[in-house]
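A short write-up of the structure that comes next.
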Amino acid sequence: MLFIFILLVLFVYQQTPKKSLGRWLTLGYTSFLYLGTTIFLYNQQKIDLSDWRSYFLLQFNEENSGRISLLAGLVTFALVFLFWKLFSKGYVKKNYQYSRKNWIIYSVAVLLIFSGFLAYSSSRYAMKGIDNTSFDQILFTMTQPIRGSDSGQIINYIIDPLLEALLITVPLVTLLYFATTCSFKFGSRYLQRSPHFSTKKVVFVGLIGLVFGIFLSGKEMGYADIKAFYFEHTNLYDKYYVDPQEVDLEFPEKKQNLVYIFLESMESSYFSKELGGIQEHNLLPNFADLAQNEGINFSNSNKLGGMLQIPGANQTASSMVAQTSGLPLRPSTSLNSSESSEENSAEYFPGAYSLGEILDEEGYNQALLMGSEAEFAGRDKYFSQHGDYDIRDYHWAVETGRIPEDYYVWWGYEDRKLVDYAKETLNELSQEEEPFNLTMLTVDTHFEDGYATEDTPDLFGDQYSNVIHDSDKQISQLLEWMKEQPFYEDTTVVLVGDHLTMDSDFFDSVDPNYQRSVFNLFLNTDKQNVRNRNRQFSAVDMFPTTLSALGVEVPEDRMGLGVNLFSSQPTLTEQLGYDRFQNELMKKSDFYNEKLMQTKEEDEQRE
């Protein structure tokens, strides 16, 4: 790639006048077109951009790296050559100079065009490049600060939708500039003799670009979802919501400890086909053994399965909220209005009443452990405001000297360290007289392809499979260690995925009739004769089910929108049907906005 780039630069340098601003503008323009196009296409073909051979060598192999470089170079060369020939022959001649006002208006048009195509490329990237995403999930991500996110995701965004929008915008605005400053001649006939700048026309072109980009964006995300989210209303919450604060819970005399482990992107589809998954080789042998011989796995099929993904619980933060409050998390700017990680003044989902708050009132000591930065998507606010959890995240590990200040891999630190810190935290919590709740979140299995360390064995030939299998091993080793500790006898363990994986390549060949589901497993409960097969349920049902697993009596077996799966009550997914339940959750709800998202002060002011 760089070899061809050098040849292009030398060609442009030779063809353009010396000591000319046009020479440097053309060099910059040519460099952007060639390098931008090549890097974008490399990324689309999943060519490793960190491999120096992709830049320096022509590799005519299955990766197409050399072919892409050569083709992009030839097209750029042809465009530059044609451009200068037209100018040198007098077919294109600049006759009009922009005034300061013209430049301002032109810049506005450029911004409008770029914004439209950025909306399109971003939605295309999200819907096609990230699996199992939806309109509400995109909105939720947009309302949250990027602080604390994996830098690799930011880089992917820059070299995919952002770069694509620039590659579309730059040629279009170049044509707009020439159309308003140059005369055009074909042979002896003028196509445009006297160019002029029309404010209305230039702004109109900018608006057309914006509207067209937004139209394409809406098409990518689905007009039905957009319509439902903004214009349709539901009475789902008015009819089915059960306020947890009004439920008279009855805890056992001896309270059970709780270890709740959120497993990043953990699907039941990772099991082998004979067990209920879609893999040729079982990627989760330890979880399968526990589910079959020791714990309780609620399944959507008659084999090992899990819960169905719903809007408002389809990414990590929203699923953590849904599983612990019985409520989906709709996008809202009020979720996290403070950017500061030092302050928790902004109320996060003020109307929700969660598992953490219930256990806090019952005297539980609670800790949240994760290897990433807890402030990402406001997770620190939710768990500190809804249960007074001791937040032990990446920053905690740095501040306590467990990792160096400059240590940062993947989303913070890897799961092997997380398991070690979990043991430390459990030893610490178990020394107290009060019962405890340790909630933790793994991260190595995050898309794309997961995070493999030097200790991750290569058993399956692809990184994501190896990482998933290794996660199964690490968490199982943690469980084996726990079983040897005195506190385990009085401890209920919940293993549950946060959402379906967003790795778009991992399920290329999946049977379209196969229903993917999110893994769950309850260990060390006193439940027997449970109807746990062929159930239709979602993240909101985990809330009352977890309390029931702790031996808590839940009158009516309903809290939030969730239903206790250990009971005979049908879930809302079973009552309404999965498709209808999903559709209702996508719609607007006055009850949700006014009773759950607003603070008491805001509610009183509204009234």
Side-chain angles (χ1 to χ4, degrees), residues 244 251 255-266 287 290-291 295-298 306-307 313 316-327 352 354-360 362 364-372 374 379-380 382-384 386-393 415 418-419 421-423 425-426 429-430 434-443 471 474-476 478-479 482 485 487-488 490-499 518-525 527 537-552 554 559-560 562 564-566:
F251 275 75
K255 297 170 183 174
Q256 283 281 102
N257 303 311
L258 174 63
V259 175
Y260 201 108
I261 305 179
F262 287 99
L263 303 166
E264 174 63 47
S265 304
M266 190 59 67
F287 289 171
L290 288 169
I296 299 172
N297 162 247
F298 288 97
M307 63 186 181
T316 301
S318 59
S319 182
M320 294 175 85
V321 170
Q323 292 189 40
T324 55
S325 71
L327 287 167
S354 74
L355 175 67
E357 289 166 288
I358 292 171
L359 297 184
D360 184 50
E362 291 293 326
Y364 279 67
N365 291 321
Q366 304 190 92
L368 175 68
L369 180 66
M370 62 178 67
S372 55
R379 296 173 299 186
D380 59 336
Y382 175 73
F383 283 97
S384 61
H386 293 268
D388 193 27
Y389 287 72
D390 178 18
I391 308 294
R392 299 188 172 191
D393 65 345
D415 286 346
L418 183 77
V419 169
Y421 303 154
K423 295 176 182 178
T425 303
L426 284 168
L429 290 171
S430 64
E434 298 82 8
F436 64 80
N437 166 25
L438 172 63
T439 298
M440 56 186 286
L441 169 67
T442 66
V443 73
S471 180
Q474 291 183 59
I475 297 301
S476 298
L478 173 62
L479 293 174
M482 289 172 57
Q485 311 308 310
F487 62 78
Y488 184 76
D490 302 317
T491 301
T492 296
V493 180
V494 180
L495 304 179
V496 60
D498 52 357
H499 52 73
V518 181
F519 173 74
N520 70 91
L521 180 63
F522 291 82
L523 295 168
N524 214 17
T525 72
K527 306 299 181 181
F537 64 103
S538 67
V540 296
D541 298 306
M542 295 298 293
F543 178 32
T545 304
T546 300
L547 285 167
S548 181
L550 293 173
V552 179
V554 183
M559 296 176 68
N564 174 19
L565 295 173
F566 290 111

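Residues: numbered from 1 along the sequence shown.
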Ignoring hydrogens and geometry, is there a side-chain-to-backbone donor-acceptor pair from [X] to [Y] under 3.5 Å?
X	Y	answer
Q323	G497	yes
D541	S538	yes
D390	A367	no
T425	Y421	yes
N297	N520	yes
D498	F262	no
Q485	M482	no
N524	V493	no

Would you say the side chain of [Y] lies within less than 4.5 Å of the side chain of [X], judging by non-hydrogen atoms?
X	Y	result
K527	I296	yes
L355	L258	yes
R392	L368	no
T546	F522	yes
T442	I475	yes
F543	P244	yes
S325	H386	no
V321	L327	no

Roughly how far, to the nearest 0.5 Å, is the [atom2] atom of [Y] from the [atom1] atom of [X]?
X	Y	atom1	atom2	value
L495	L479	CG	CG	5.5 Å
T545	L550	OG1	CG	11.0 Å
M266	L521	CE	CG	11.5 Å
D490	S430	CG	OG	11.0 Å
M320	T324	CE	OG1	7.5 Å

Report task. May I ask you to check whether Y382 and Y389 place their ring centers less than 6.0 Å from one another? Result -> no
Report task. Please confirm whether F519 and F287 have ring centers closer than 6.0 angstrom. Result ->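 That pair passes the under 6.0 Å test.
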Query raised in the report: Can E264 and T316 be counted as having a side-chain donor-acceptor contact under 3.5 angstrom?
Result: yes
Requested in this report: Determine whether the side chains of E434 and N365 contain a donor N or O and an acceptor N or O closer than 3.5 Å.
Outcome: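 Note: E434 and N365 side chains meet the donor-acceptor criterion.
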Query raised in the report: Sequence neighbours excluded, which residues qualify as side chain to side chain donor-acceptor pair (under 3.5 Å) partners of E362?
Result: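 Side chain to side chain donor-acceptor pair (under 3.5 Å) list for E362, sorted by chain: K255.
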